[in-house]
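Structure first, commentary second.
The chains referred to below are lettered A, B, ... by the order of the sequence lines, with proteins before strands, and numbering in each begins at 1. Bear in mind the structure is a predicted one, so any value in this text is a computation, not a measurement. The basis for the numbers below is simple: all heavy atoms, side chains too, and nothing from hydrogens, waters or symmetry mates.
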2 protein chains.
Amino acid sequence: MSRNTVGKSKILEIIQSSPIALSHATIQEQMKGTCDRVTIYRILERLVKENEIHRIVNVNGVVNFAACKSCSHSSHHHDHLHFSCTTCGELTCFEDQSVDLKLPSNFIIQEYQLTVAGLCGKCS
Amino acid sequence: MSRNTVGKSKILEIIQSSPIALSHATIQEQMKGTCDRVTIYRILERLVKENEIHRIVNVNGVVNFAACKSCSHSSHHHDHLHFSCTTCGELTCFEDQSVDLKLPSNFIIQEYQLTVAGLCGKCS
DNA sequence: GTTAATTTCGCAACACAGTTGCATAAATAT
DNA sequence: ATATTTATGCAACTGTGTTGCGAAATTAAC
């Protein structure tokens with residue numbers, strides 16, 4: 001079983017108290033040297049596996065993490081939309097926006113990555 | 001103005017004759033040492049700017065390139081869906097699948113990145 | 001409570017995608 | 001034919017993410 005360490009709790013708290021998705025680099029900054037770079041990667045990996053957070057690939061290719069709000073631990077649906085601001089870089093989740101897709105029946109969907117980039121409310 | 005060089009023509013041809021989107025690494029392979037790594041990056045950049053191809057960030061964070069089929073040189077709409085196969089790695093464009101999004105009015109959309117990952121028709 | 005088994009951590013080193021600077025080469029304009 | 005502009009190749013670098021391994025910390029067993 002996965003253990004609850006100081007680093008893990010702190011990282012989860014940082015992500016949960018953030019209104020936007022955070023990158024590894026940003027989290028590392030907020031950890032202020034408490035944790036090793038690699039440890040942060042591994043903790044994030046664990047938190048994803050335990051369904052505490054979900055990973056979103058930003059339009060710049062960098063992975064961001066956000067807390068799973070509307071997901072219970074059993075049912076996960078990360079098919080919602082993300083908005084990435086090209087000015088301030090903030091990645092926002094629109095958990096109410098789910099998209100219905102009509103793919104050929106032999107295509108099996110495992111993971112969603114629905115992101116739109118542009119200017120967010122603050123920057124427009 | 002941008003020039004039409006041997007490398008540029010060859011790369012455009014590789015992308016246009018491919019049914020799936022290609023990464024820099026794959027294109028470099030197909031160029032068989034004709035072109036420097038960096039030159040390929042720069043040619044791809046030029047082709048994107050000239051609206052010959054468009055870039056899609058795959059779920060693994062790697063940028064892929066596909067020819068602009070249904071886009072004229074004046075009107076671009078890259079709001080269509082992409083499917084990334086987790087087994088064979090192929091990135092397919094669904095140019096007929098456009099998604100309607102309902103964002104707050106103060107959000108200005110500049111770029112789309114709508115990708116779904118899973119098993120493609122061949123791998124399912 | 002002490003010891004053994006697991007898990008996590010930190011460090012070093014690595015892999016890979018992508019970028020920048022600069023001198024040279026090639027293509028276009030004069 | 002020469003000057004100007006653009007493109008290329010090479011080297012070096014940045015940033016994100018990964019792997020291996022010994023040490024430290026945590027949990028389980030005795």
Send over the distance from [X] [atom1] to [N] [atom2], rounded to a whole Å.
X	N	atom1	atom2	answer
B/Asp36	D/dT6	CG	P	21 Å
A/Asn58	D/dG15	CG	P	17 Å
A/Leu44	D/dG17	CG	C1'	11 Å
B/Ile43	C/dT19	CD1	P	15 Å
B/Glu45	C/dT19	CD	C1'	9 Å
A/Lys8	D/dA25	NZ	C1'	15 Å
A/Glu50	C/dT7	CD	P	13 Å
A/Ile40	C/dT8	CD1	C1'	14 Å

Side chain of [X], heavy atoms from C-beta onward: which of [options] has the nearest atom to it?
X	options	answer
B/Val63	C/dG18, D/dG9, C/dG10	C/dG18
A/Thr5	C/dG10, D/dG9, C/dC9	C/dC9
B/Arg46	D/dT8, D/dT18, C/dC9	D/dT8
A/Tyr41	C/dT19, D/dA7, D/dT16	D/dT16
A/Ser2	D/dT19, C/dG10, C/dT8	C/dT8

**Pair B/Lys8-B/Ser2, side-chain donor/acceptor within less than 3.5 Å** = yes
**Request:** Report yes if a side-chain nitrogen or oxygen of A/Arg42 is closer than 4.0 Å to either non-bridging phosphate oxygen (OP1 or OP2) of D/dG20; otherwise report no.
**Result:** no
**Message:** Check this one for me: any side-chain N or O of B/Thr39 less than 4.0 Å away from OP1 or OP2 of D/dA7?
**Reply:** no
**Asked** Where each residue is assigned the nucleotide of DNA chain C containing its nearest heavy atom, which of B/Asn4 and B/Val62 is assigned the position nearer the 5′ end?
**Response** B/Val62
**Prompt:** Taking the six-membered ring for Trp, are B/Phe107 and A/Phe94 parallel (under 30°), tilted (30 to 60°) or perpendicular (over 60°)?
**Reply:** perpendicular
**Prompt:** Looking only at N and O atoms, is any donor in the side chain of A/Arg37 or the base of D/dG17 less than 3.5 Å from an acceptor on the other one?
**Reply:** yes
**Prompt:** Is a donor-acceptor pair below 3.5 Å formed from side chain B/Arg3 to base D/dT5, judging by atom type as modelled?
**Reply:** yes
**Asked** Hey, is the main chain of A/Arg37 close enough, under 3.5 Å, to the side chain of A/His24 for a donor-acceptor pair?
**Response** yes
**Prompt:** Got a second to check how far A/Asn64's CG is from A/Ser84's OG, nearest 0.5 Å?
**Reply:** 7.5 Å
**Asked** How many angstroms lie between atom CG of A/Asn58 and atom CD of A/Gln113, to the nearest 0.5 angstrom?
**Response** 9.5 Å
**Most 5' of A/Val38 and A/Ala25 on DNA chain D, judged by nearest nucleotide** = A/Ala25
